[in-house]
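Scroll down for the structure; my scribbles are underneath it.
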Amino acid sequence: AAIARKEVLQEKLSLLSENGAKAEFAQFDAQAMLGLIDEYADAAMPFSPVEFHLSSRNRLVEDLRMRINAAQSGSRECLAPGAPTPPRHAGPRGAFRATQRGSGGD
């Protein structure tokens, strides 16, 4: 039941936040998103430091919470185009495929 709850919360957060890309919400919606983030944080398992930057927990908890809070406070530091952000959706296999394509492996 705990795994199913985590998966449902992850899917809901992913859909509502456009997979962590959307950070600007109306005040009421932002508060609801922050509550949903808290629920997901409680349900998600911690990741090792090596895996954390690639994890859904990082994308949908740490990054998204920071970006929603920044948007709500009017700070644009975290939302500025071109601002450095951790890699998204790149797992070891995705990185391998990109390396293969870049080296003429396709």
Quiz item: Quick one: does L64's side chain get under 4.5 Å of K22's, heavy atoms only?
Solution: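 The answer is no, as the side chains (C-beta and beyond) never meet within the 4.5 Å cut-off.
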Quiz item: Can you find a heavy atom in the side chain of L16 that is under 4.5 Å from one in the side chain of D29?
Solution: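 Counting from C-beta outward, L16 and D29 never come under 4.5 Å.
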Quiz item: Quick check: are there more than 12 heavy atoms from other residues, nucleotides or ligands sitting under 6.0 Å from NZ of K6?
Solution: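 Counting neighbours around NZ of K6, more than 12 heavy atoms of other residues, nucleotides or ligands fall under 6.0 Å, so yes.
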Separation of [Y] [atom2] from [X] [atom1] (nearest 0.5 Å):
X   : Y   : atom1 : atom2 : value
L60 : I37 : CG    : CD1   : 8.0 Å
Q31 : F25 : CD    : CZ    : 12.0 Å
L9  : S14 : CG    : OG    : 10.5 Å

Between [X] and [Y], which heavy-atom pair has the shortest distance, and what is it?
X   : Y   : value
R57 : A44 : NH1-O, 3.2 Å
V61 : A41 : CG1-CB, 3.9 Å
E24 : A71 : CG-CB, 3.8 Å

Self-check item: Partners meeting side chain to side chain contact (heavy atoms under 4.5 Å, CB included) with E11 (sequence neighbours left out)
Solution: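 Here the qualifying residues are L15.
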Exercise. Among residues two or more places apart or on two chains, list those pairs meeting salt bridge (Lys or Arg N to Asp or Glu O under 4.0 Å) that have a residue in residues 34-49.
Key: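 Found R5-E39, D38-R65.
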Quiz item: Any sub-3.5 Å donor-acceptor pair from R67's side-chain atoms to A21's backbone N or O?
Solution: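 Confirmed, R67 side chain pairs with A21 backbone.
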